[in-house]
Amino acid sequence: MSDAAREFIVARFEDERRLIDAVRAVRARGLRVYDVYAPYAIHGLDAAMSLRRSRLSIATLAGGIAGLVASLAFEFYAAVIDWALNVGGKPDNSTLAFIPIAFELTVLGAGLATVAAFLSRCRLLPTMNARPVDAAVTDDAFVLALRCRQTAFDRSLVERLLFEHGAETVVSKVIEP
Amino acid sequence: MAQELTFFKRRPDAETSRRDFLTRIGFTLAASALASCSRGPVQKAIPFLNKPEEQTPGVANWYATTCAGCSAACPLLVKTRDGRPIKIEGNGESPLSGGGTCATGQATVLSLYDPDRLTGPMWHGETITWDEIDRRITERLAAARERGVVLLTNTIVSPSTTALIADWSRRFPKFRHVSYDAVSFSALRQATRECFGTAGVPHYRFDRATTIVGIDADFLGTWLAPVEFTRQHAARRRRALSGEMRHYQFEAGVSLTGSNADRRFGMAASDHGAIALALLRRIAAHAGITEPLPDVDAAIDEHAIAAAADDLWRDRGQSILVCGSNDVSIQVIVHAINAILGNIGATVDVDLPSLQKQGDDGAVDALVEDMNRGDVHVLMTYGVNPAYDLPAGPEFVRAMESVALTISFADRLDETAAHSHAVCPDHHFLEAWGDAEPVKGSFSLAQPTIAPLFNTRAAQESLLKWLGESPDFYSYVRAVWRRELYARQDRYHTFDEFWDHSLHDGVFEDPARGYRSQGSARLDPERWHAAARAIAHDHQRAAAARMPDSYELQLYETVALRDGRHANNPWLQELPDPVTKVTWGNYIVLAPSAAKALEVETGDVVRLAVGDHMCDLPAYVQPGQAQRTVSIALGYGRDRAGKVGNAVGVNAFPLVAAHGGHRRYVRGDVVLQRRTGKQLPLAATQTHHSIEGRPIVKTITLEELLSGTPEVMAPQPSLWPEREGGEHHWSMVIDLNACTGCSACVTACQAENNVPVVGPDEVRRGREMHWIRIDRYVDVAPDNDAALDVAFQPMMCQHCQDAPCETVCPVLATVHSSDGINQQIYNRCIGTRYCENNCPYKVRRFNWFQYAGNQEFDYTTTDPLERMVLNPDVVVRSRGVMEKCSLCVQRIQAEKLSAKQEGRRLADGRIKTACQQSCPANAIVFGDLNDPESEVARLRRSRRHFTVLEELGTRPNVGYLMRVTNGEKTEKPS
Amino acid sequence: MTRWKLVIAIAAITSVVGAGVVARELSRVGVHQWYSPVQPIAFSHKLHAGDSRIPCLYCHFGARTSRHAGIPPANVCMNCHGILQKQSAEIEKLKELVAIARPIAWTKVHNLPDFVYFNHSQHVIAGVACQACHGHVERMERIEQEAPLTMGWCIQCHRAHSGGANAPAASLDCGKCHY
Amino acid sequence: MTAPVVARERRAVDFTGTRTATPWIEGEPTLREISDDVIRPLVTRPGFGWWSCFAVALCALLIGVSAVAYEIATGIGVWGLNRTVGWAFDITNFVFWIGIGHAGTLISAILLLLRQQWRTAISRSAEAMTIFAVMCAAMFPLIHMGRPWLAFWVIPYPNSRGPLWVNFRSPLLWDVFAINTYLTISLVFWYLGMIPDFATLRDRTEAGIRRAVYSVLSLGWNGSARTWSRYETTTTLLAGLATPLVISVHSIVSMDFATSVLPGWHTTLFPPYFVAGAVFSGFGMVLLLLIIVRTVMHLERYITIAHLEAMSKIMLLTGSIVGFAYATEFFNAWYSHNVYERYTFVNRVSGPYAWCFWTMAGCNALAPQLLWMRRVRRSVPALFILSILVNVGMWFERFVIIVTSLHRSFLPSSWTMYRPTIIEVGTLVGSFGLFFTCFLLFIRVLPMIAMWEVKAVARHASGAHV
């Protein structure tokens with residue numbers, strides 16, 4: 001990928017309010033926001049960037065069902081099919097007594113599935129060389145990144161636009177994908 | 001930053017150290033892996049060189065022999081495995097014991113493996129060879145030929161030994177045989193001789209009595225022949241269910257017999273005579289005898305006396321009066337009453353008397369004088385321990401110094417042997433030949449069940465040897481039997497045939513034996529008038545001598561330790577006393593009122609002073625104990641019994657008094673005083689004795705039973721669908737009306753199932769391991785604290801069909817078998833104790849420590865010798881696992897297998913659990929519910945049947961038959 | 001990123017495989033299949049039980065009546081070797097030991113833990129062939145433990161014979177072997 | 001390779017002027033100040049206060065370690081248990097610690113779902129407390145076994161015994177699964193919450209070992225809005241899972257008793273009653289910890305009186321529920337007309353362990369009623385004492401339930417007394433040692449306040465958010 005392709009306009013804000021304004025303005029200009037970086041989850045930003053609602057809950061459901069079915073099936077197999085022992089005169093298939101464990105494993109499955117899905121979807125993996133667009137975004141900076149190479153992109157116009165909406169600094173930067 | 005860098009730089013060794021840390025880890029892992037995979041020690045298997053004919057490894061052999069635990073000499077069957085006796089059972093062939101045993105008898109097998117036994121003869125404390133010691137002794141005997149040679153023994157019930165002693169008196173002109181019993185019956189003996197001219201004490205037949213009156217005679221616990229009497233009593237009770245039978249007990253302390261009486265009355269220990277006289281007066285009146293009787297003023301319950309006397313009279317000829325006093329006059333009165341009632345020959349047999357308790361107290365006192373005078377040159381002590389169990393023990397030891405040669409046959413260096421010149425250790429009875437005639441005309445044989453473990457020799461063989469004859473008691477016994485008994489029977493035509501059968505059966509009944517009734521055995525009124533006057537006189541003297549703040553002391557035997565000769569037996573030391581449930585040691589029993597007066601509670605130390613003799617004992621507060629009487633158990637306080645028995649409790653024999661040449665176990669001149677602040681906590685297995693009004697032990701009155709109420713309980717509905725069972729459905733029923741609480745089953749179970757002994761400290765912590773315990777509930781009438789309602793309930797795993805313990809075990813270590821047994825799998829158990837918590841009956845026992853082979857618990861399984869008693873068919877449990885009654889599953893398996901081997905159907909009654917087999921009252925029945933004809937199925941249908949806590953829906957397979965109370969015992973619990 | 005994925009993948013695989021191996025090894029702790037120690041006398045079951053067809057129970061008579069099959073006492077050996085002319089170094093060993101009346105200390109091959117009650121006669125009656133547990137003894141020069149003798153191994157046979165209506169049914173109750 | 005920056009004169013806009021004071025953070029820290037305050041403990045040397053606490057905790061831990069070592073080497077017999085009382089200190093401590101754990105989950109999960117902003121400052125340490133408490137709790141079922149080295153038998157793994165599985169009907173087995181699930185989910189939740197803070201730490205640390213560690217832990221977090229949005233979904237989902245989980249865990253623990261046959265144990269009231277009690281004791285412990293921490297670590301501006309008051313209100317509620325449960329138990333016993341039930345409760349109030357019962361009733365049911373008074377709710381010393389009382393009381397509650405029910409159950413013949421030995425006391429002390437050692441290390445090496453959450457709250461509250 002050529003440098004041009006990886007070149008971005010990176011605007012830094014001090015305040016989430018201005019950031020959101022900027023996002024709105026930029027998108028109004030028909031420009032695509034590459035990404036926004038912030039020290040915490042900014043409410044209303046999703047709307048401004050019109051991000052789709054996450055589908056992680058599907059993973060949760062799947063994990064839960066898997067845990068439930070697997071545990072119930074195993075308990076039934078062990079206690080009824082494989083070796084039915086007379087325990088306190090109870091019937092081999094004491095389903096009621098099997099429920100607590102099934103429930104716990106349901107929760108376990110759902111929880112782990114959710115987290116696994118989240119990590120993989122966001123490509124969060126142990127890494128030594130994390131390269132945040134700006135070291136301050138995890139502290140107190142709010143950053144908006146625009147890809148330079150896109151239709152209707154005019155550097156000077158964009159810079160002005162950003163400054164108008166309260167950007168502190170606007171730099172052009174190469175971001176490794 | 002700099003910090004981080006230096007963190008690396010400054011420690012060049014970091015890497016290396018880390019590396020060899022890793023290597024070490026790796027090594028340990030590898031090592032442990034290797035260790036776990038290696039097959040441990042190689043096991044060797046060493047077969048016989050030449051296999052003995054009768055012995056197959058792993059198959060049990062049974063031998064009939066005779067118990068030497070006490071003078072009752074019960075016939076036994078001994079189970080040996082691979083040549084080792086491991087279990088003792090009663091011999092069902094016996095007309096006396098009927099297959100029952102007592103706790104003592106059950107425990108004798110452990111004494112065989114007692115590591116404190118002497119391993120060979122000793123001379124002045126040095127080990128020596130038999131030849132050498134024989135040489136020295138024969139020399140000295142020859143020297144003493146014309147002088148006094150004395151053999152001091154306890155009662156000899158063996159005809160052969162008696163014959164041998166006769167040989168001695170023929171050989172040595174001045175030979176004397178003196179016998180005494182640690183707990184003496186000499187007064188009863190003398191009274192019997194005076195009244196009926198019989199030598200011996202009467203042979204009582206409680207099974208023929210409709211009214212039984214006991215005065216301080218604990219005939220179900222320790223008096224004379226408890227096993228036989230328990231059998232009789234239970235048999236009579238069983239018959240009585242369809243009729244009238246009543247047992248009155250007058251007693252000072254609370255005894256096992258009193259606890260089982262229909263009506264129990266308290267009395268001062270000194271009132272034996274007064275009560276006997278009062279009974280006589282009323283019965284004489286009934287009988288129309290007019291001569292006036294002297295009066296004694298004693299605070300006795302006239303109504304009780306009247307009731308008892310009237311019942312005795314109503315059932316004359318089938319009633320019985322026994323008294324535990326060792327006072328001739330009182331026993332004469334008792335005989336007189338029985339004679340007037342025409343019980344002599346019916347329930348009291350004086351023609352074929354009991355040959356137990358032939359001891360003569362006067363003779364011993366005389367002997368001590370002779371010894372001091374120097375008239376005794378050789379003294380042999382056999383089966384007695386005078387230094388310990390004579391009241392004048394120290395005097396006796398001093399007297400021994402003036403005897404040229406003292407020989408002891410003791411099996412250990414006991415109190416007497418320690419002061420003897422020569423000790424010629426006797427065999428344990430399981431190693432020796434012998435015979436017995438406890439009751440005239442009923443004989444039994446004793447045969448060795450194992451080759452002598454040590455370099456010991458039967459006392460009889462020593463005696464033979466010193467007579468210059470061949471030391472072969474086997475042939476001697478044979479000879480005696482050929483001479484005495486072979487002629488009396490005509491069943492077998494050769495002696496060998498006769499001998500083999502007798503040896504096989506273990507018992508021989510003289511066919512000529514049989515009760516020649518002499519119902520009209522009247523005795524001369526003048527005799528009992530004299531006795532009455534004597535009693536009145538004594539009573540006045542005693543009353544005059546009594547100090548205001550003094551108490552009466554009553555000395556008694558405990559079911560476990562009896563006269564103390566078995567003090568080194570850990571099974572007996574840890575056997576809870578049936579009445580107090582206390583183990584490991586004796587104590588002073590106080591009435592609640594006395595305790596209040598002394599401001600003591602159970603466990604506080606009380607100092608007891610008799611003249612200048614003092615001893616400190618923990619108090620035990622006992623409802624039902626007579627107000628002014630305190631009781632102390634004999635048989636404790638040994639100091640040369642061995643590692644287990646030494647210094648347990650206090651020796652009470654020095655407190656025994658003497659009167660008219662007879663020992664007296666009651667005295668009135670005792671002063672008590674509280675030792676402030678001192679405590680000796682008792683090791684009791686049960687500390688709460690009230691049943692709290694809970695329907696646990698169910699009781700039904702005879703009226704209710706006969707009138708057909710209550711109806712049979714409908715079985716509780718179960719939440720769960722019934723699981724289909726297997727081929728059998730094992731079940732047990734225990735008859736609470738027959739059970740006397742004698743605790744033989746407890747020891748039997750301990751022997752059968754390798755139950756560990758844990759010692760006093762653990763018992764104090766509530767950690768005894770017995771699989772079967774006997775719960776004892778006592779409730780006291782509000783008005784009269786002598787009228788106890790005592791209930792015994794053997795309690796072991798109830799083997800519930802719907803067992804709460806099984807559901808909660810996380811690892812399936814306790815599950816239900818197809819044939820109804822609640823199984824405990826030790827090797828699967830991880831020890832969460834959840835089952836124990838969830839068991840409503842609290843019958844599960846946890847191995848809090850590693851008991852087997854642990855020096856901390858040096859009782860039964862530490863010494864390799866002791867381990868020989870272990871039952872190889874039952875695993876020895878390790879630390880951290882739960883255990884409990886298995887219904888003797890090993891016996892069930894064995895019987896099922898032998899039935900299979902012999903291709904026959906498993907008959908009902910073939911399987912006997914250890915507790916069931918030992919029970920002298922036959923209170924326990926085990927069997928298969930799938931067989932509707934089986935005894936247990938029949939009892940389960942009985943109107944008296946109930947299961948404990950059935951409202952919980954645990955559906956126990958162990959059931960109980962209700963107690964039947966008889967007589968106006970309205971003051972019932974709840 | 002990809003490098004990390006690789007690392008993680010490898011880590012995951014190795015841990016799974018490692019766990020499997022460890023579990024497998026641990027499950028064999030105390031299992032001594034194929035144990036075949038050298039015996040004081042090189043007794044050949046192949047020769048006796050195989051070639052000369054001596055029935056197992058002739059020497060191991062205990063199995064008929066006792067929980068222990070038992071190793072035959074020397075006099076049983078001598079029943080034949082007292083008469084037979086055939087000599088060998090091993091037979092010499094036997095005869096010497098008998099001469100000096102010293103029993104032979106064989107090394108036990110088939111060992112069960114103490115907490116298991118096993119009864120030979122029970123299985124002999126039920127008609128279980130000796131080979132079912134001891135393997136093809138008649139082909140072994142030196143005796144060898146062919147079966148794992150684990151509980152699972154016992155159970156699979158008991159399961160197979162538990163339903164028997166006419167044949168003696170093998171019990172699956174824990175208390176059948178553990179008490 | 002940054003392109004030449006086009007510098008422009010910065011617009012003079014004053015954000016700070018618009019801030020308004022919030023109840024949940026005192027003073028008006030900027031985002032950077034928040035980071036500084038939270039990170040300070042991680043980079044500065046610990047003070048005397050911390051060291052002394054740590055020393056004490058470590059000693060306690062050592063006592064516990066030696067007590068447990070001795071017990072495992074010798075046998076459970078070194079405890080005071082007997083044939084009738086099979087559980088006492090061990091399971092009391094187990095239930096006690098599990099209960100403590102619950103407040104953490106409640107704060108981090110349930111209050112999250114309820115959008116309670118005040119939780120942000122305390123959630124991190126509350127979750128840490130949960131994890132350490134569950135660790136302490138999990139220790140007791142292990143060491144209370146007669147043969148702990150075989151504990152792995154409770155896991156249904158394929159084995160050479162048939163295979164022989166486990167008894168899924170046993171509440172003890174339910175515990176195994178409940179506790180492990182609870183521990184796992186709590187750990188995951190905890191770690192997930194720390195990822196953004198690890199990123200912050202990473203970006204504030206120069207290259208080096210620390211930075212390496214932080215960047216590995218932060219999983220390359222770059223604060224992207226997309227990640228943030230999914231992140232919020234995930235935490236919400238996990239919170240949704242943790243809420244029923246936390247309730248199930250203590251319900252299952254209560255079933256150890258409720259499913260038994262013992263009078264005093266066998267009651268359907270237990271699950272809700274235990275959950276309420278758990279939350280109650282948990283908040284007691286959080287309060288205790290935070291009162292200590294905020295003073296020792298100088299975090300008063302983040303952990304404010306308002307926080308303490310909010311928690312004390314929850315204590316008041318749950319404490320009253322617990323008190324009501326006690327009353328209900330007695331009513332049932334009386335109403336059941338069952339001789340065994342009735343005796344058990346009479347024995348509780350008047351038997352040999354009556355003093356334990358009254359301690360429990362006083363600390364749990366009566367003492368919290370003081371919290372009706374605002375003055376008490378806002379007075380740190382009062383809350384400090386109350387939180388200690390609550391923990392004592394809740395420990396005794398479990399002791400009373402377990403021991404008084406066991407020592408006098410159905411058959412009077414087996415009634416006994418239980419007396420703890422020094423070893424058992426040592427083990428209890430040790431569990432506290434373990435807990436506080438872990439917690440003290442935690443506040444030194446990990447950000448004990450969720451920076452990103454506090455920042456969000458700070459900004460939202462500042463009205464900067466439209």
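Since the structure is predicted, the reported quantities are computational estimates derived from the model, not experimental observations. Here is the naming used below: chain letters follow the sequence lines, and residue numbers restart at 1 for every chain.
- With a 4.5 Å cut-off on non-hydrogen atoms, Leu96(A) does not touch chain D at all.
- Between Asp197(D) and Arg202(D), no side-chain nitrogen of the basic residue sits less than 4.0 Å from a carboxylate oxygen of the acidic one, so the salt-bridge criterion is not met.
- Interface check for chain D: of the options Pro100(A), Gly64(A), Cys122(A), Ser54(A), the most heavy-atom pairs under 4.5 Å are formed by Pro100(A).
- Residue with the most contacts toward chain D among Asp134(A), Leu85(A), Val87(A), Leu45(A): Val87(A) (heavy-atom pairs, distance under 4.5 Å).
- Both the backbone and the side chain of Ser57(A) come within less than 4.5 Å of a heavy atom in chain D.
- At least one donor-acceptor pair closer than 3.5 Å links the side chain of Thr200(D) to the backbone N or O of Pro196(D).
- With a 4.5 Å cut-off on non-hydrogen atoms, Trp452(D) touches chain A through its backbone and its side chain both.
- With a 4.5 Å cut-off on side-chain heavy atoms, Lys173(A) and Glu7(A) do not count as touching.
- Under a 3.5 Å cut-off, the side chain of Arg210(D) and the backbone N or O of Thr205(D) do not form any donor-acceptor pair.
- If you measure heavy-atom distances from Pro244(D) to chain A, the contacts under 4.5 Å come from both the backbone and the side chain.
- The backbone N or O of Val166(D) sits nowhere less than 3.5 Å from a side-chain atom of Trp153(D) that would complete a donor-acceptor pair.
- Look at Arg18(A) and Asp21(A) and you find no salt bridge, because none of the NZ, NE, NH1 or NH2 atoms lies under 4.0 Å from a carboxylate O.
- Only the side chain of Val137(A) comes within less than 4.5 Å of a heavy atom in chain D; its backbone stays farther off.
- Distance check, rounded to the nearest 0.5 Å: CG of Leu201(D) to OG1 of Thr138(A) gives 9.0 Å.
- With a threshold of 4.5 angstrom between heavy atoms, Arg121(A) approaches chain D through its backbone and through its side chain.
- When heavy atoms are compared at a cutoff of 4.5 Å, Asp139(A) approaches chain D by way of both its backbone and its side chain.
- Scanning residues 182-189 of chain D against chain A with a 4.5 Å non-hydrogen threshold yields Thr184(D), Ile185(D), Val188(D), sorted by number.
- Donor-acceptor pairing under 3.5 Å is lacking for the side chains of Arg53(A) and Thr233(D).
- Residue contact with chain D, scored on non-hydrogen atoms closer than 4.5 Å, involves the side chain of Tyr77(A) exclusively.
- Both the backbone and the side chain of Asp35(A) come within less than 4.5 Å of a heavy atom of chain D.
- Ranking Ser251(D), Ala212(D), Ser248(D), Gly240(D) against chain A, the residue ahead of the rest is Ser248(D), based on heavy-atom pairs under 4.5 Å.
- At a 4.5 Å heavy-atom cutoff, the contact between Leu238(D) and chain A is made by side-chain atoms alone.
- Side-chain atoms of Thr169(A) and Arg12(A) include no donor-acceptor pair closer than 3.5 Å.
- In this structure, a donor-acceptor pair under 3.5 Å is absent between the side chains of Asn222(D) and Tyr37(A).
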